[in-house]
Each structure stands twice: as C-alpha cells, then as structure tokens.
Amino acid sequence: MTRLLLSAASAAALLIGTAAQAQTAPAPSPAAAAAKPTPAEAVAFVAAAEKALAEESVYAQEADWVQETYITPDTNYLTAKAGAELSDMSTRYAKEAARFDGVATDPVTRRKLMLLKNGLVLAAPDRPGAAQEMADIEARLATLYSSGTATVDGKTLHLEDLEDVLASTRDPAKAKEVWEKWRLVSPAMKADYVRLTALANEGARNVGYADSGALWRSGYDMTPEEFAALTDRLWGQVKPLYQNLHCFVRARLNARYGDQVQPRTGPIREDLTGNMWGQQWGNIHDVVAPANSPGMGYDLTKSLESHGYDPVKMVKTAENFYISLGFDPWPKTFWERSMIVRPQDREVQCHASAWDVDNKDDIRLKACVHVNADDFFTVHHELGHNLYQRAYKDQPFLFENGANDGFHEAIGDFAGLNALTPGYLKQLGLIDTVPGPEADIPYLLRVAMDGVAFLPFGLMVDKWRWEVFSGQVTPDHYNDAWWALVKQYQGLVPPGPRPADAFDPGAKNHVATSVPYARYFLARIYEYQFYRAACRQAGWKGPLNRCSVYGNKAVGAKFARMLEMGQSRPWPEALEAFTGEKTIDASAMAEYFAPLNTWLTAQNKGQTCGWKD
Ligand code: X8Z
Ligand code: ZN
C-alpha cells in the first residue's frame with residue numbers, strides 16, 4: 001500500500017493515501033447527518049474512500065520519490081503540496097469514518113473503517129492551510145536532516161560517512177568529536193518540531209484521539225493503553241538479558257579505555273558504542289570480544305570487501321535469499337529505478353527505505369549502501385519490506401500493509417538473521433570454513449550486540465514522543481527528557497554536557513521525519529518468533545543460532561501465506577498462520593540467546609551490574 005518509512009510531507013498521511021477533493025464521498029447534508037447511517041452507506045463510503053485513496057497515494061509517492069532522490073527547493077515544494085493534499089484528504093476520511101461507529105456492518109467493512117481512522121501518522125487540524133503548514137514543516141525538517149554534514153579532519157562528511165568513522169575509530173576523542181558534530185544539525189529543527197507537535201495533536205483530537213501518541217498506539221488491534229502495557233511487559237521480559245550485555249560491554253570498554261573515559265560502574269558513554277545513537281553495538285565487537293577466547297572465525301565486513309562485493313552485489317545477495325525460499329525475482333524495473341548508492345551530483349535522503357510506488361509491481365529500494373556488515377543486514381531488511389509489499393498486492397488497498405508495522409519491519413530482520421549464519425556465508429563463498437561449536441558464544445555475542453542492544457532504544461524513542469505528544473514533557477525539557485530516557489532504558493550517557501540549545505532527538509532520522517519507532521522494538525521480538533518457527537518447520541535440531549532456512553521452499557510457502565494476508569486480519573491471526581503462536585512474546589528470543597546469557601552471567605561475576613536511572 002505504501003512505501004515504508006515515509007518521511008517528509010506524506011508522513012502526515014502515512015498509511016492511507018490521498019484523493020482529489022472531488023473524489024471524496026459527498027459531505028452528508030445536515031438532515032442525513034442526524035439520521036444513523038445504514039450498513040449499505042458504510043459499504044459505499046468505504047468503497048469510494050478506498051478507490052480514491054488508492055489512486056491518489058500513487059501521486060504522493062511519485063512526488064516523494066523524486067524529492068527524496070533529488071532534494072531541491074522545487075521538489076520540496078512539490079512533495080509538500082502532494083503531502084498536504086494527502087493529509088487533508090486522509091484526515092477527512094478518518095473523520096467521516098467515525099460517522100459509522102456503532103453501525104452494524106460486515107466485518108471487512110468494519111475493519112476498513114477502523115483502518116481509515118487509525119492509519120494516520122500526523123493528522124491535520126480541520127482548518128484551511130493547516131495541512132499545508134504541516135507539510136512545509138515536514139519537508140524542512142527532512143531536508144535539514146538529510147543534507148546535514150560535519151567537517152572532520154578538514155573533510156565535509158555526510159551522515160553515513162560520519163557513521164563509518166564512529167564505527168571504526170578507537171580514539172574516544174575522535175568518537176566524541178564526530179558524535180557531537182553530527183548533533184549540530186538539529187538545534188535548527190527545534191522550533192519547527194514544537195509547532196508540528198502542536199498541529200499534529202490538534203489533528204489527532206480532530207479525528208478522535210487524545211493526542212498523536214494515542215493515535216500511534218491505536219494501530220495494534222487493541223486500545224492505546226493496552227499497547228503501552230504490552231511494550232512494558234515485553235521490555236520486562238528482555239531487560240535482564242540487556243542488562244547482562246550492558247554489564248559485560250561496559251567492563252570491556254573500561255578495560256580498553258580506562259576509568260577516565262569509561263568508568264567501571266554506571267552508564268556507558270554513547271559515542272563509544274560504535275553507533276551514532278548507541279542503538280546497536282556490533283561495530284565494537286573487536287573491542288568487546290574477550291582476547292583469550294576463540295573468535296567468531298571471520299569478520300563479515302572484511303570478507304565482503306575481500307570478495308569484491310559492491311553495493312549492487314549486496315542487494316542481489318539479499319534478493320537471492322528470498323528467491324531461494326521460492327519467491328519471484330525482483331522485477332526489472334526495481335534494478336532500473338532503485339537508488340542503491342549516493343549520487344554525487346545532488347542532495348538525497350540516504351536513510352534506507354523500501355517503496356512500492358504504484359502499490360503493485362513498482363517496488364524500489366532507496367539507500368546509500370556501503371560494503372559492510374551493517375548494510376549487509378540492512379539490504380536484507382529493506383528487501384523484506386519489498387517482499388511483503390509484493391505479497392499483499394492483491395489485497396484491497398486498505399489491507400495492503402503489514403499485519404502491523406512491527407511485522408513489516410520484522411520480515412527482513414528474520415531473513416537477515418538467517419543470512420548472518422556461518423553455514424549460509426560458507427554457501428555464499430564468503431567464508432572458507434564453518435567454525436566449530438567454540439565459535440557459538442562469540443557469534444551469539446556479535447548478534448546480541450546488534451539485536452539485543454537495540455531493544456531499549458527501540459522502545460525509548462517513542463516513549464519520548466508519547467511524553468512529548470501528551471504534554472507531559474514541554475519544549476523546554478525536550479532534550480533533558482530524551483537523555484533521561486536514554487539513561488533509564490539504554491543505560492547510556494552523552495560524552496559530555498549538552499549545550500543549552502541542543503535538540504538531540506532531531507539528530508535521529510525517525511524523529512526528524514516523524515516515523516513511529518515502536519515498530520522496530522516489536523520487530524526485534526517477532527523476528528525470533530518467525531525464526532524459531534521457521535527452524536522448527538525445517539526440522540532443525542541443532543543450536544538455534546546455527547539454523548538457516550536458506551533454500552527451504554516449504555518454509556517459504558508458509559511464510560508467503562502469512563505475508564499475503566497483509567492487514568486484512570488482526571495481527572495475532574497472521575502470527576498464528578506462520579508460527580502457530582497467537583501472541584507476541586520474547587521467549588523465542590530468550591531461547592536463542594540462552595547460552596550467551598548463561599555465559600554473560602558467569603563473566604559478569606563480581607561486577608556491579610546495572611546503573612542508577
Ligand atoms: O530505519 C530503519 C530501516 C528502514 S525501515 C533502515 N531501521 C531503524 C533505524 O535505522 O533506526 C532498521 C533498524 C532500526
Ligand atoms: Zn524497515
């Protein structure tokens with residue numbers, strides 16, 4: 001239905017598209033409004049909305065594609081205009097859908113009415129010009145983020161180059177410099193962000209939600225309150241594993257850099273994690289892996305380089321994984337139209353995203369791929385979105401989406417987990433031998449440093465936005481509240497005091513571009529549920545971490561059945577279709593990492609683990 005990771009103007013109307021004004025169902029006359037609508041009227045309304053939205057969403061996506069791959073004042077104008085129309089239209093449909101509350105419709109129509117109401121990301125206030133003002137702000141924020149640069153050692157670097165420096169430097173002063181310089185991009189966003197928040201909240205109330213946070217939490221086939229409680233329950237399940245990992249990593253950083261740089265107790269310095277936001281730590285695996293233990297047996301980044309991988313070959317490799325499960329090759333147009341590397345002649349939005357521009361076959365990737373382990377995972381992640389988009393393309397437009405947004409993020413993560421296994425890398429010829437069982441713990445540590453380390457970040461980004469949207473945190477405290485949550489959930493701190501004008505949340509793509517983030521937290525949990533189920537279906541009996549279902553067409557066929565459902569049924573039914581499980585649950589993740597958790601507990605003996613919130 002829509003490309004994933006919408007940004008800029010059309011994020012305002014995320015899950016549902018737009019329609020030219022003339023195509024909407026006519027506004028009810030006062031007399032008709034007073035009478036209760038009939039089920040037949042509900043069906044007619046949904047049909048009209050769906051048709052119009054399907055057509056107009058393509059227009060908005062075309063405009064967005066051009067803008068994100070060629071940022072100029074003109075393309076900003078066009079995408080904001082398309083986004084404003086989309087937003088106005090989607091908001092109007094959301095409001096109109098509420099007229100049918102309590103009308104006894106068939107279940108399909110009822111679900112579509114629900115999706116019309118809760119499918120927005122940033123709803124627009126019911127005032128002329130408000131949607132356009134929001135779209136203009138969104139375009140400005142996205143442009144500030146994507147054209148941000150910092151000068152390091154006399155060179156002007158974009159974000160992905162700064163990320164490479166942070167990933168590879170082992171000099172804490174350099175890490176601090178790069179980390180701080182990137183955050184100079186966001187103070188200029190603050191005033192716009194404050195205004196956008198106020199407008200979006202007004203819009204959310206306009207369509208019947210307490211604030212935009214409640215609107216965001218309403219897309220999970222449960223109430224917003226139940227969803228907040230669910231995330232807390234899941235975090236409770238995985239927190240002990242995260243704390244164990246945190247404790248071990250902190251000790252290793254302390255051993256490497258000394259007490260002055262990384263104290264033995266308390267939080268970890270974010271810039272020392274090898275990642276700009278401390279959201280995954282795999283880049284410092286070499287620092288963390290114990291010197292006296294057997295290693296993983298290979299370094300994926302080095303293997304990719306030494307085997308002559310280029311960005312296109314990385315994407316082809318991910319495609320090949322899905323083909324091996326029985327899925328069709330990606331269409332010719334994908335290779336003709338995708339943006340796989342950063343063009344040198346223009347500004348673009350590099351943050352990776354997967355698109356289905358015509359909601360049918362015109363799937364594309366937009367990324368600036370570097371040949372490294374992180375991007376090896378990312379290309380599998382993005383093509384997972386494309387896989388889903390293609391699988392549900394025959395659903396009615398309003399069902400052309402993931403069972404929930406966490407599902408959409410989890411598809412490619414599940415593939416990536418298979419694709420990192422040594423057995424699979426050997427099949428690709430990227431490594432010569434599959435290491436023995438002695439490499440299991442180092443391997444699990446490497447996977448955990450990305451997958452487990454991510455969990456609290458995946459949760460805190462939207463915890464912050466929920467607080468911002470509800471008004472619990474006011475603009476004067478935006479930055480402090482961010483760091484309070486980083487410390488509480490991630491146990492990280494900035495490398496030094498933050499300036500008074502800092503707006504550090506804006507230095508993260510999804511905040512600058514208003515993309516909800518809880519989806520990634522959910523995805524990390526679903527990922528292991530999918531993976532364990534797939535391995536069981538494949539009859540795998542060995543340690544879970546060595547399983548890869550590469551080439552297993554039976555697993556692929558069952559996976560396809562879940563994907564084809566799109567958003568047509570509540571997500572527990574989609575989960576059940578593939579895993580036999582009806583609820584999201586971290587036990588599969590716990591099972592996967594159980595040997596590592598035991599090992600970490602032993603390693604951490606004598607340490608004072610945890611940190612004070
Ligand atoms: O934004 C993404 C994908 C596109 S949906 C590249 N991810 C999150 C991030 O980069 O912060 C994937 C993992 C988390
Ligand atoms: Zn994604």
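Order of listing sets the numbers, starting from 1, for every ligand and every atom in it. Just so you know, residue 1 is the first one in the sequence shown, and it goes up from there.
Note: an N/O pair closer than 3.5 Å links H351 and ligand 1 by distance alone. At least one N or O atom of Q279 sits closer than 3.5 Å to an N or O atom of ligand 1. Annotation: E382 places no N or O atom under 3.5 Å from an N or O atom of ligand 1; distance criterion only. For ligand 1, the polar-atom distance check finds no N/O of H381 at less than 3.5 Å from any of the ligand's N/O atoms. Some N or O of Y517 is nearer than 3.5 Å to an N or O of ligand 1, by distance alone.
Cation-pi check for K463 over W235 is not met; the charged atom does not lie both under 6.0 angstrom from the ring centroid and within 45 degrees of its normal. Taking the ring centre of W483 as origin, the terminal cationic atom of R498 falls outside the region bounded by 6.0 Å and 45° from the ring axis.
Atom numbering of ligand 1 starts at 1 in the shown order; those under 4.0 Å from a heavy atom of E409 are 5 (S). Contact atoms of ligand 1 toward K508: 9 (C), 10 (O), 11 (O) (distance under 4.0 Å to a heavy atom of the residue). Each of the following atoms of ligand 1 lies closer than 4.0 Å to a heavy atom of A352: 4 (C), 6 (C). The ligand atoms of ligand 1 that sit less than 4.0 angstrom from a heavy atom of H385 are 5 (S).
Using a 4.5 Å heavy-atom cutoff, the side chains of V178 and T169 are not in contact.
Among the backbone and side-chain atoms of H385, an N, O or S atom lies under 2.8 Å from the Zn ion (ligand 2).
Of all the listed residues (Y520, W277, F377), Y520 holds the heavy atom that lies closest to atom 7 (N) of ligand 1.
K360 has a carboxylate O that lies under 4.0 Å from a charged side-chain N of E400, or vice versa, which qualifies the two as a salt bridge. A salt bridge between D356 and R390 is absent, with no side-chain N of the basic residue lying under 4.0 Å from a carboxylate O of the acidic one. Note on R183 versus E270: salt bridge recorded, some NZ/NE/NH1/NH2 to OD/OE distance being below 4.0 Å.
The atom of E409 that is an N, O or S and sits closest to the Zn ion (ligand 2) is OE1.
Under the 30°/60° scheme for interplanar angles, the aromatic rings of F530 and F414 are found to stand perpendicular. Aromatic ring orientation, F457 versus F454: perpendicular (interplanar angle above 60°, classes split at 30° and 60°).
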